[in-house]
Amino acid sequence: MQSLELLAPARNKDIGIAAIDCGADAVYIAGPAFGARKAAGNSFEDIAELCTYAHRFGVRIFVTYNTLWREGEEAEAHAQMLRAQEAGADAFIIREPRIAAWDDITVPLHASTQCAIRDVERARYFASLGCERIILERELSLEQIRQICAAVPCEVEFFVHGALCVCYSGECRLSEYIDGRSADRGECIQACRSLYDLVDGDGRVLLRNKAVLSLKDFNLKARLEELADAGVCSFKIEGRLKNASYVRNVVRDYSLALDALVAKYPDRYRRASFGVVTGGFTPDTAKTFNRGYTELFLDGKRGRWSSMDAPKSMGEAVGTVQAVRREPGRGMQFRVKPLRGGLELHNGDGFAIATADGVTGFRGDVCEGLQVRCKDVPDLREGMTLYRNINTAFEKELETRVCRREVPVSLSVRVHGDYVLEVTARSQDGREVLSPFHTDVETAENRERAEAMLREQLSKRAGVYHFSLDELEIATPGGRLPLLSASTINGIRRLVAEDLDNVGVSRQRAARLQPSFAGVTGESPASCHPEPVEGSPLMRSKYCVRYELGLCPKYQGAKPPQELFLLNNGRRLALHFDCAACEMTVTQTA
């Protein structure tokens, strides 16, 4: 049976715990350094606490070490990985192949998406190093994913939701060229979200002040079944810089989708962790941060992938602007014509409109029905599409209606001898403990009432466990029961929970593959991360500006300008097009 894993991002320990409570099967997080998001570092103490919490549900914690090292950093990286291993990390997400040679690193290694794995040869190379998992590029088709899964003996992970880099992962030097901060060091300045002019070789402006390189966000919730059928076992959510509400919303949405897939094929799939999520909110990814959604190249076809008009979150389209009235010194007010029925606006909602200069955002200070009062927004005009990128009511729901994750435990109680209670607890993950309790109390005069008290008090929560008393056997003379108070029974329940904790979590459900790497070969280590040479691209991408603008000679029969350039703050970047490979590159110019 194949275990399906929902892998969630965590900027910090608290967000990691929130992801677990909402149904994540695994969480990836950075240590103090060497993670591909420099602003998302964490202490080893926090990692240890997160691991302790996660392991109670069979959830695994992956720590990221996926930057390229500078000379002299190898020893520090090695030391940090040993500390993360001691803290309880279940795997390391790596980029440097030399880590595979360290015998004292005993947890599994996962080859990062920064390793640029997008073909069978490269996948087999990282499998040959002993990586128990490879994380594929996002720009692959379903058929390419299927071919890679069939060609390697290790687990395969694929991104299914979140922000998209316009370039192939691990092959972008644009940030370093512009600002000296390297994406390979976790310091990306997101130059792909910046505004550019697009000009041809004659200096003619084709686009002005557009985020030409910005892509929509990934959303493959509707394609999980196909990915699982292709061989993907881990479904990854992007977002180690995102806040808690984003992670809660997206994780819950995808967790429910995976639950539905498991329910559809109960003999084929199961979740990689255990526990039952109760309570909480109704997730809706349209109401959380996004630049619009795309499935990118999954069907092996090009589409409109860019978000050049909205490189920031536009949010959900809610209606059109009507009856704008400006009041000098008092701001403005307008009415919203909703796109669909049931629209409710709330004080403090965040709105956005698309303008010639990009995205303009503002707050609705007072919202009464479909009437909005706010500070003056000069670009706001009647007929514009209005987006809501902050739904205050939904954000409040995410904050207050928190999910609770519990491990179901069935209890069997046998009462015998001199009122000895033997409580057998069996948890969902297969643990079993026998806890005896000796009582020295009076006999209950009303057995039915005493039995009801025992059932009621034992069938409650204790820590992360939700107990249910399934069987009660009374083997005392006359079927007598001891007279136990509610506080005594509650104490018994807490002690049983402690006994379960002391047994430790069974990892069978989340057991990783034990692949055989014999005979697996691939690309040589020398070409794994080649040093850039003068004139090499700053960025290589599956995305194509010419196709986006209807100028593709291959698929659209167009005759595009021979030269295209991006202009920003005095810098000029050249665009080149390899139609045979269907790729675009960005290079610096003299």
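- Counting only N and O atoms by type, the side chains of S468 and S410 include no donor and acceptor under 3.5 Å apart.
- A salt bridge does not link R426 with D470: none of the charged nitrogens is closer than 4.0 Å to a carboxylate oxygen.
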Show the numbers, then the answer: is there a salt bridge (charged side-chain N to carboxylate O under 4.0 Å, His left out) between R223 and E226?
CA-CA 5 Å; R223 312 299 294 272; E226 295 165 270; 2.5 Å; yes
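- With D299 contributing its side chain and K301 its backbone, the two residues share no donor-acceptor pair below 3.5 Å.
- Cation-pi check for K216 over Y293 is not met; the charged atom does not lie both under 6.0 angstrom from the ring centroid and within 45 degrees of its normal.
- A salt bridge between R252 and D284 is absent, with no side-chain N of the basic residue lying under 4.0 Å from a carboxylate O of the acidic one.
- Between R60 and E5 there is a salt bridge, with a side-chain nitrogen of the basic residue lying less than 4.0 Å from a carboxylate oxygen of the acidic one.
- Side-chain atoms of S175 come within 3.5 Å of backbone N or O of R181 as a donor-acceptor pair.
- Salt bridge status for D21 with R404: absent, with no side-chain N to carboxylate O gap under 4.0 Å.
- Between D253 and the options K221, R248, H161, a side-chain hydrogen bond (donor to acceptor under 3.5 Å, both in side chains) holds for only K221.
- Salt bridge annotation for K236-E157: present, with a cationic side-chain nitrogen under 4.0 angstrom from a carboxylate oxygen.
- Checked by atom type and distance alone, the side chain of E137 pairs as donor or acceptor with a backbone atom of S169 at under 3.5 Å.
- Rounding to the nearest 0.5 angstrom, the gap separating the CD atom in E316 from the CZ atom in F394 is 9.5 Å.
- Salt-bridge check for E139 with R118: failed, with every basic side-chain N at 4.0 Å or more from each acidic carboxylate O.
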Test E96 against Y65 for side chain to side chain donor-acceptor pair (under 3.5 Å), laying out the working first.
CA-CA 8 Å; E96 287 280 3; Y65 287 94; over 6 Å; no
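- At least one cation-pi condition fails for K460 and F467: the charged atom is not both under 6.0 angstrom from the six-membered ring centre and inside a 45 degree cone around its axis.
- Between T67 and R37, the side chains place no donor N or O within less than 3.5 Å of an acceptor N or O (distance only, hydrogens not considered).
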